[in-house]
Amino acid sequence: MARINGCRVSVEYDRDGERIFLTGLTIPKSVECPDLSDVLVEKVLTHVAEQRWKVIPTHPAIKDYMRTHSAWQRLLLKGIEIR
């Protein structure tokens, strides 16, 4: 969770050992920054990589980010595909 211009932005997740399920992305419409979701997701994925966790993205925007930034797909749990 972070605050930008007094608004709360966050990436929601559930963790089970070395697996992390990225389940949500909350950015209020009042926060006008077109690339903010990308910045948040990249920060989270950087942390995930540092911890050596594996990702199961369930939120559409997070899946889209990982699809278009294929270098992050190395973090996907084996057998997980994003379409």
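Values below: every heavy atom of this structure, side chains too, minus hydrogens, waters and symmetry copies.
Counting non-hydrogen atoms of other residues, nucleotides and ligands closer than 6.0 Å to OH of Tyr65 gives a total above 12. Other residues, nucleotides and ligands place no more than 12 heavy atoms under 6.0 Å from the CZ atom of Arg52. For Glu18, the CD atom is loosely surrounded, since the number of other residues' heavy atoms within 6.0 Å does not exceed 12.
Closest approach of Ser10 to Glu12, counting heavy atoms only: OG-OE2, 2.7 Å. Between Ala61 and Leu25, the shortest heavy-atom contact is CB-CD2, 3.8 Å. In terms of heavy atoms, Lys63 sits closest to Ile82 at O-CD1, 3.8 Å.
At least one side-chain heavy atom of Thr46 sits under 4.5 Å from a side-chain heavy atom of Trp72.
Not a single donor-acceptor pair under 3.5 Å links the side chain of Arg74 to the backbone N or O of Leu76. Judged purely by atom type and a 3.5 angstrom limit, Lys54 has no side-chain atom pairing as donor or acceptor with the backbone of Val48.
Atom OG1 of Thr58 and atom CZ of Phe21 lie 8.5 Å apart (nearest 0.5 Å). Remark: His69 NE2 to Asp38 CG distance equals 5.5 Å, nearest 0.5 Å.
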With side chain to side chain contact (heavy atoms under 4.5 Å, CB included) as the criterion, how do Leu22 and His59 come out once you've worked through the C-alpha distance, each side chain's angles and the decisive distance to 0.1 Å?
CA-CA 7 Å; Leu22 300 179; His59 190 274; 5.9 Å; no
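When each of Leu77, Ile80, Val44, Leu45 is tested with Val55 by the rule side chain to side chain contact (heavy atoms under 4.5 Å, CB included), just one qualifies, namely Leu45.
Residues Val39 and Ile62 do not share a hydrophobic cluster, defined by chaining ILVMFWY side chains whose heavy atoms lie under 4.5 Å apart.
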